[in-house]
Number of protein chains: 2
Amino acid sequence: MSYIPPLERMRFVIEQVLDAPASWRAMPDFAEVDADLAREVLEQAGRFAQDVIAPLNGPADLQGCTWQSGGTVKTPDGFPAAWRAFVEGGWPALPCAPEDGGQGLPQLLNAALFEMLVGANHAWTMYPGLLHGACEAIRHHAVPALRERYLPRVVSGEWLATMNLTEPQAGSDLGLSRTRCEPVDAAAPVANGAAVTVTGQKIFISGGDQDMTDNIVHLVLARLPGAPDGTKGLTLVLVPKILPDGRRNGAWCDGIEKKMGIKGSATAQMRFEQAEGWILGEPNAGLAAMFLMMNSARLHVGMQGLGHLEAATRIASAYAQERLQLRAPSRPAGSDAAAARGPDPIAWHPAMRRILLDLQARTEGARVIAYWTALLLDEAEHHPDAAVRAQRHDLVALLTPVVKAFLTHLGHHGANEALGVLGGHGYVHDWGIEQHVRDSRIALIYEGTNEIQAIDLLMRKVLDRPGRLALLLEVLRGEAGTLDTLAGTAADGDPAGLARWAALLRDEATTLERATATLQRERAARPDLPFLVADDYLHALGHTLLAWAWARLLRASLGDLDAARRQRLQALCAHGRDWLLPAARWRWTRIESGVPELAWPGL
Amino acid sequence: MSYIPPLERMRFVIEQVLDAPASWRAMPDFAEVDADLAREVLEQAGRFAQDVIAPLNGPADLQGCTWQSGGTVKTPDGFPAAWRAFVEGGWPALPCAPEDGGQGLPQLLNAALFEMLVGANHAWTMYPGLLHGACEAIRHHAVPALRERYLPRVVSGEWLATMNLTEPQAGSDLGLSRTRCEPVDAAAPVANGAAVTVTGQKIFISGGDQDMTDNIVHLVLARLPGAPDGTKGLTLVLVPKILPDGRRNGAWCDGIEKKMGIKGSATAQMRFEQAEGWILGEPNAGLAAMFLMMNSARLHVGMQGLGHLEAATRIASAYAQERLQLRAPSRPAGSDAAAARGPDPIAWHPAMRRILLDLQARTEGARVIAYWTALLLDEAEHHPDAAVRAQRHDLVALLTPVVKAFLTHLGHHGANEALGVLGGHGYVHDWGIEQHVRDSRIALIYEGTNEIQAIDLLMRKVLDRPGRLALLLEVLRGEAGTLDTLAGTAADGDPAGLARWAALLRDEATTLERATATLQRERAARPDLPFLVADDYLHALGHTLLAWAWARLLRASLGDLDAARRQRLQALCAHGRDWLLPAARWRWTRIESGVPELAWPGL
């Protein structure tokens with residue numbers, strides 16, 4: 001099944017729902033970005049996704065990567081050529097700073113680009129997935145000589161970069177890392193830019209080896225002699241596969257993983273043996289340097305969830321319109337009575353209709369949440385007013401774990417529901433939907449597992465910083481106020497039910513505020529209470545954000561939109577409100593009605 | 001990761017919870033079955049699952065089946081030898097009638113056997129998966145000559161059998177089948193046993209070809225000349241791969257599917273070209289003949305869900321006890337304070353504890369539901385009292401769609417949650433858990449999709465036959481009465497909280513009754529209402545059954561059980577009550593508080 005970029009819907013969110021062009025106008029860094037440029041970028045990106053990498057997606061899943069003795073990896077057929085096309089198109093540099101050779105475009109457009117790339121081919125998109133983070137780490141932390149040597153080539157995509165964090169015994173707990181680095185010159189001070197050798201083993205390294213670029217820039221967390229235990233003793237080191245003098249460095253790929261999905265992405269076991277490199281940033285401050293771009297990296301993973309959700313929903317919707325099986329208990333108004341004796345499209349059967357509406361409502365709502373967060377991230381970094389930047393940064397920090405965890409959850413489980421629409425045909429490779437299920441699963445795990453996102457959200461972003469939640473409550477209540485005003489001034493008596501949506505958003509805000517206060521109050525006596533319900537809190541908040549997103553979509557649908565699309569959007573918003581929100585309410589109830597004890601499981 | 005059969009827990013359900021031996025004693029057909037025999041059978045079955053087929057599971061997933069030109073299929077290494085061992089052990093014939101060469105053992109033991117086989121190797125277990133149904137179809141419908149030629153060899157497992165239903169345009173809607181059959185002798189009456197030729201295409205045929213048996217007995221649904229349209233014009237035909245005179249019959253495997261999972265199971269595209277066969281049963285009554293064993297077949301698929309749930313839960317539980325990452329916010333009583341400075345087992349982290357307790361509570365409860373249904377099925381077929389048989393049959397008919405759909409749902413989604421416990425390690429092949437996720441997915445689809453099960457349950461089993469639900473209400477209230485009596489007579493003042501469980505079961509029964517009455521009442525005005533909420537109804541009823549199962553487990557735990565196991569079981573029952581049941585209540589609420597309209601989705 002081919003990938004079709006949802007350009008019209010993306011544009012609707014960017015222009016009509018969020019009015020991003022107005023935000024861009026307020027930021028001098030984006031003075032040259034407007035709706036036309038954004039459309040042009042998205043159209044070209046959509047063509048690349050649809051024409052270049054989507055056709056490689058299914059075949060690459062069957063072919064996989066091949067590890068070759070000598071420690072090199074062959075990527076699936078077509079991957080290197082697609083990478084060259086991506087580089088020639090200037091895509092790797094999209095969000096990078098112009099002074100580094102980037103295009104300096106907003107993160108919002110980069111997010112939309114990655115939604116399409118992942119929807120078309122997640123495995124291929126793994127290779128450039130870490131580029132932006134690597135660029136920023138080098139840009140901000142490398143000494144000038146190192147920066148000049150590596151940054152332009154990484155920004156242009158001539159070379160790809162990797163992040164080397166995980167070790168067999170150190171996953172979520174990077175403090176357990178054992179990989180060592182030692183200064184080459186024992187007499188020189190150990191400082192940023194110092195030459196070191198790195199020795200140790202890293203696993204789960206995406207793109208640890210590949211045949212798409214001549215060189216690979218590994219960013220490696222390692223421990224200097226005498227460094228403190230735990231995460232405060234980790235130093236970031238830049239280790240190229242090929243050294244400046246052309247020698248092969250001691251960074252070897254010992255094998256690649258057999259995985260559930262993203263089989264075209266080489267997940268390498270890396271062995272660093274006296275590999276030569278240079279310290280990036282301050283010694284022992286490697287974790288912060290590596291996680292400089294944590295918000296954009298996690299937003300990026302959230303976009304993967306959206307990409308899968310969109311693509312899988314489209315496949316299921318198209319299939320359900322074409323596949324004729326059994327007679328439906330009722331038919332849509334205006335359907336051809338003459339054809340009513342034969343089997344009906346399965347999209348008419350209530351069980352399938354419900355799944356399709358669930359998926360479509362979630363897709364449209366999730367896109368608003370994701371793009372909004374990306375826009376806030378742009379404002380957090382580029383707004384001329386420092387107070388606005390600070391406020392946006394706080395809001396982004398709050399939203400990021402929700403976008404990462406909730407959208408990847410929706411993406412994976414949504415793809416799985418979409419598979420069900422195709423029945424047995426969904427279980428076989430041909431339709432591509434079972435691949436969406438497999439490929440999307442990893443996004444719930446990497447870049448901080450969803451369980452860790454939930455704890456990050458509730459503990460660090462909400463309970464420890466009460467002011468942040470107030471920002472979100474303000475957004476919800478502000479939208480309620482806007483809706484009420486519109487409902488009150490409508491000449492035709494609020495047929496879209498804006499006042500009802502306003503009441504709903506106020507109710508969501510009140511519940512959110514009250515449940516949070518309950519946790520804040522009770523955790524003094526039960527310190528591990530927030531850990532018990534962090535997952536509930538994240539999913540409940542995700543649904544509150546969906547409610548807000550549907551309200552925004554509904555409001556935007558009243559503007560310049562053709563009747564069919566308006567009707568569809570309004571139906572999806574109503575479906576989300578009536579079918580999806582009530583199904584999530586029990587999570588708030590659990591938090592408010594007293595969280596039960598949690599036993600210690602046996603084997 | 002090896003498979004370990006949960007023998008002790010299976011025995012506990014069979015002997016302590018259900019007291020199956022007492023039921024067997026009441027049935028002359030099972031006069032020789034007792035607890036010792038059952039233990040012996042389960043132990044041997046467990047050894048076969050653990051030692052013979054579990055080691056083949058991971059390698060077979062990587063190797064898959066190979067289609068060879070000429071239309072034959074090579075199964076994964078070790079599959080044919082394991083089949084011979086299975087046949088030599090007499091396993092295929094376990095539940096078949098002794099007069100046909102079977103062992104005549106209860107379905108309950110066969111269900112337990114298949115729980116273990118699927119937990120160890122779902123793909124391999126696909127080959128014998130349809131044997132029992134094929135045996136019964138031949139036994140009840142074949143004319144004597146046909147029966148004598150094929151039944152003993154299928155019962156013994158010398159030959160395997162297939163069910164040929166699906167066609168490209170006919171999946172859930174078998175009435176759209178086009179495969180034709182024509183009498184060989186146009187002059188003779190078209191009757192049971194008549195020789196016919198079959199021509200047409202079938203897809204998704206499990207074991208359509210394989211190299212495990214010398215012959216394959218295909219049961220094919222086909223349409224006689226002039227037969228009515230739809231399902232009332234389908235005739236069942238027995239088509240052997242090799243004809244009695246040794247000729248190769250025109251039943252060709254044109255290819256096999258590339259699938260998400262169960263890769264060691266050959267899912268064949270079959271082409272019948274003037275294939276010779278004989279009518280099985282009455283002409284045009286093929287669907288009923290094919291579905292003779294529908295209840296046991298669907299129970300069997302439910303066991304697949306349980307098998308995956310059990311196996312995946314065990315892997316995750318073991319991993320979580322061994323994997324040390326980060327410090328937990330609290331530690332279990334009595335944990336070593338000296339070791340408290342290092343990282344803790346992830347099983348101690350609340351987010352993981354919650355997943356593990358969810359999985360374990362569901363596993364134990366699901367086993368009670370499944371085994372109980374199997375026991376009722378045995379009574380429906382073998383109880384000497386016709387009234388008991390009829391009552392058990394009604395209860396089985398009600399429970400079967402729940403067991404099929406709810407347990408496969410728990411199995412697949414539970415395996416997926418278990419994967420998350422292993423983080424990145426869960427996503428790679430080595431631990432076997434991602435294979436459980438992939439393999440288990442098909443069970444939600446085949447043998448009637450879960451959406452169709454939900455409609456079958458609510459429409460045909462509940463609303464159209466109100467008496468059936470009364471049987472279940474009686475069970476729930478009966479158990480509540482038993483618990484109350486025990487609570488009232490306990491010398492030590494009901495420390496296990498039996499009275500609370502009694503109240504809970506009464507509450508579940510009341511809600512179930514009331515929600516059903518609501519649907520019964522409102523569907524007159526909204527005929528498609530039940531179709532909208534069938535899925536909610538099934539899952540809500542599934543949780544009601546879990547509540548009953550946990551109450552039964554709790555009651556049994558007060559008997560002869562060591563302290564550690566009693567404590568574990570009681571903790572799991574409490575966890576299910578406090579954490580899982582409230583999360584399902586919204587489904588009843590939706591049904592009772594007015595089901596919203598459902599729009600017609602666009603693309």
Side-chain angles (χ1 to χ4, degrees), chain A residues 62 166 171-173 176 204 257-260 317-318 321 325-326 329-330 332 343 347 350-351 353-354 356-357 360 420 423-424 427-429 434 437-438 441-442 444-446 449 451 454-455 527-528 531-532 534-535 568 571 574-575 578-579 582-583 585-586 590 596 598-603, chain B residues 62 166 171-173 176 204 257-260 317-318 321 325-326 329-330 332 343 347 350-351 353-354 356-357 360 420 423-424 427-429 434 437-438 441-442 444-446 449 451 454-455 527-528 531-532 534-535 568 571 574-575 578-579 582-583 585-586 590 596 598-603:
Chain A
L62 296 177
T166 306
S172 295
D173 193 351
L176 300 174
F204 299 162
E257 304 291 345
K258 292 182 171 65
K259 305 188 300 295
M260 183 183 196
S317 300
Q321 303 276 0
Q325 295 283 286
L326 299 167
S330 57
R353 268 161 69 198
R354 193 174 149 183
L356 294 174
L357 289 165
Q360 294 184 8
Y427 198 68
V428 300
H429 188 264
E434 61 91 22
V437 178
R438 290 185 288 107
R441 183 62 178 90
I442 190 59
L444 284 71
I445 297 170
Y446 59 24
T449 69
E451 289 81 9
I455 294 167
D528 66 352
F531 293 91
L532 301 185
D535 187 59
R568 173 181 177 275
H575 180 82
D578 297 341
W579 285 88
R585 273 273 160 156
W586 63 269
R590 163 174 289 161
L598 192 67
W600 297 91
L603 264 178
Chain B
L62 296 178
T166 306
S172 296
D173 193 350
L176 300 175
F204 298 163
E257 303 291 346
K258 291 182 171 66
K259 305 188 300 296
M260 184 183 195
S317 300
Q321 304 275 359
Q325 295 282 286
L326 299 167
S330 56
R353 269 161 69 198
R354 196 175 146 182
L356 294 173
L357 288 164
Q360 295 183 8
Y427 198 67
V428 299
H429 187 264
E434 63 90 22
V437 178
R438 290 184 289 106
R441 184 62 178 88
I442 190 59
L444 284 71
I445 297 170
Y446 59 24
T449 68
E451 289 81 10
I455 294 166
D528 67 350
F531 292 92
L532 302 185
D535 187 61
R568 172 180 179 275
H575 180 82
D578 297 341
W579 285 87
R585 274 272 159 159
W586 64 269
R590 162 173 291 159
L598 193 66
W600 298 91
L603 264 178

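FYI, side chains are in, hydrogens and waters are out, and symmetry mates aren't considered; it's all heavy atoms of this structure. Convention: sequence-line order gives letters A, B, ...; per-chain numbering from 1.
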Verify, without hydrogens or angle tests, whether A:Gln360 (side chain) and B:Pro601 (backbone) share a donor-acceptor contact under 3.5 angstrom. no
Tightest non-hydrogen contact, residues A:Trp586 and B:Pro582, listed as CB-O, 4.3 Å
Are any of the side-chain heavy atoms of A:Arg354 and B:Leu598 separated by less than 4.5 Å? yes
When rounded to the nearest 0.5 angstrom, what distance separates NZ in A:Lys259 from CD in B:Glu434? 10.5 Å
Could you state the interatomic distance from OG1 (A:Thr449) to CD (B:Gln325), rounded to the nearest 0.5 Å? 10.5 Å
Is it the backbone or the side chain of A:Ala534 that comes under 4.5 Å from a heavy atom of chain B, or both, or neither? neither
Contact class of A:Phe204 relative to chain B, heavy atoms under 4.5 angstrom: side chain
Tell me, side chain or backbone of A:Arg568 under 4.5 Å from chain B's heavy atoms, or both, or neither? side chain
How about B:Trp600 and A:Leu356: do any of their side-chain heavy atoms sit closer than 4.5 Å? no
A:Gly424 to B:Ile445 - nearest heavy-atom pair and separation: N-CG2, 3.4 Å
First locate atom CE of A:Met260, then atom CE of B:Met260, and finally report the distance between them rounded to the nearest 0.5 Å. 5.0 Å
Please look at A:Arg438 and chain B and tell me whether the side chain, the backbone, both or neither of the residue comes under 4.5 angstrom of a heavy atom of that chain. both
Close side-chain approach of A:Arg590 and B:Asp578, heavy atoms under 4.5 Å: no
dist B:Leu444:CG -> A:Tyr427:OH (nearest 0.5 Å) comes out at 10.0 Å
